[in-house]
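Below, all heavy atoms of this structure are taken into account, side chains as well, without hydrogens, waters or symmetry copies.
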Amino acid sequence: MDNPENRNEMPIIATSEMRAHWGWFVALGTCLFVLGIIAAGNMVLATIASVFYVGALMIVGGILQIIYAFRVKTWGQFALLVLCGLLYLVAGVITCFEPLPAATMLTLLLGMFMIAAGIVRLWTGFKARPAKGWGWLVGAGAVTMLVGLMIVSAWPVNSLFILGLFLAVDLLVQGWSFFLFGLGLKPQKAA
């Protein structure tokens with residue numbers, strides 16, 4: 001039979017290890033929150049930083065795909081993998097050298113993907129209709145779709161700040177979350 005005390009053993013160990021380092025969570029949260037404030041203060045710069053990040057990832061992905069192509073010895077896959085890797089690499093280089101047009105395209109793609117994700121979430125929510133809480137899925141889908149529609153309807157004017165806004169909000173939320181999590185782990189003084 002499963003002993004209830006054994007089931008709770010892992011979370012207690014993990015929590016005690018985390019409690020010992022609660023200050024790191026607070027420090028990480030503080031740093032992320034400050035970066036979020038900086039990003040919110042200059043969303044154009046934050047957008048450009050986001051674009052450079054995406055471009056750098058595309059360059060690394062392209063290089064890795066080309067390296068992998070040389071590891072695959074069959075000609076049919078080799079040619080296709082090299083071509084895909086080169087396209088990814090070139091797209092990454094163009095993204096880094098032309099960050100403003102890249103931000104415009106990434107913003108449009110973001111809006112379109114959010115509309116598509118919203119539609120899928122709406123469909124999933126309605127398919128789960130007899131289950132309790134299905135409305136939350138529908139609500140989340142509606143919000144996602146509406147945000148996507150707002151992004152696409154204001155495009156390309158919003159391209160200079162949308163990616164920066166998303167980065168700023170993410171940094172602020174993550175920073176605040178880690179900060180509060182760390183404070184919650186802080187050992188309480190014995191009275």
Same cluster for Leu86 and Phe97 if Ile/Leu/Val/Met/Phe/Trp/Tyr side chains link at under 4.5 Å?
yes
For residues Gly36 and Leu172, report the shortest heavy-atom separation together with the two atoms involved.
C-CD2, 3.8 Å
Rounded to the nearest 0.5 Å, how far apart are CG of Leu80 and CD of Gln65?
8.0 Å
Co-membership, hydrophobic cluster, residues Met145 and Leu137, 4.5 Å side-chain
no
Measure the shortest side-chain to side-chain distance between Ile66 and Leu81 over non-hydrogen atoms and say whether it is less than 4.5 angstrom.
no
When rounded to the nearest 0.5 Å, the distance separating CD1 of Ile115 from CG of Leu146 is 9.5 Å
State, to 0.1 Å, how close Leu122 and Ala142 come at their nearest heavy-atom pair, and which atoms those are.
CD2-N, 3.8 Å
Quick check: closest heavy atoms across Ala39 and Leu171, and the distance to 0.1 Å?
CB-CD1, 4.4 Å
Side chain to side chain contact (heavy atoms under 4.5 Å, CB included) for Leu28 and Trp24? Distances and angles first, verdict last.
CA-CA 6 Å; Leu28 174 63; Trp24 286 103; over 6 Å; no
Quick check: is Ile119 connected to Phe126 through a chain of hydrophobic side chains (ILVMFWY, heavy atoms under 4.5 Å apart)?
yes
Measure across Arg129 and Trp134 and return the closest heavy-atom pair with its distance rounded to 0.1 Å.
O-CD1, 2.7 Å
In residues 106-114, what donor-acceptor pairs under 3.5 Å come from side-chain atoms, sequence neighbours left out?
residue, atom, partner, partner atom, Å
Thr107, OG1, Ala103, O, 2.7

Are Val143 and Ile151 grouped together when hydrophobic residues (ILVMFWY) are joined by side-chain heavy atoms under 4.5 angstrom apart?
yes
Do Ile38 and Val34 come close enough that some side-chain heavy atom pair is under 4.5 Å?
yes
To the nearest 0.5 angstrom, please state how far the CG atom of Leu35 sits from the CG atom of Asp170.
11.5 Å
Do Asn42 and Phe161 have side-chain heavy atoms sitting under 4.5 Å apart?
no
Is there a side-chain contact between Leu89 and Met58 (heavy atoms, below 4.5 Å)?
no
When you compare the side chain of Trp155 with that of Ser159, does any pair of heavy atoms fall below 4.5 Å?
yes
Between Leu167 and Ser50, which heavy-atom pair has the shortest distance, and what is it?
CD2-OG, 3.5 Å
If you look at every heavy atom in Arg121 and Gly141, which pair is closest and at what distance?
CB-CA, 3.5 Å
Value for CZ (Phe25) from CZ (Phe179), rounded to nearest 0.5 Å, stands at 14.0 Å
Going from CG on Leu32 to CD on Gln174, what distance comes out if it is rounded to the nearest 0.5 angstrom?
7.5 Å
Where does the angle between the aromatic ring planes of Phe70 and Phe78 fall among parallel (under 30°), tilted (30 to 60°) and perpendicular (over 60°)?
perpendicular
Please check if the side chain of Thr104 supplies one atom and the backbone of Leu100 the other of a donor-acceptor pair under 3.5 Å.
yes
Side chain to side chain, Thr47 and Ile162, heavy atoms closer than 4.5 Å:
no
Output the distance between atom CH2 (Trp176) and atom OG1 (Thr30), rounded to the nearest 0.5 Å.
9.5 Å
Determine whether Val26 and Leu185 fall in the same hydrophobic cluster, where Ile, Leu, Val, Met, Phe, Trp and Tyr are linked whenever their side-chain heavy atoms lie under 4.5 Å apart.
yes
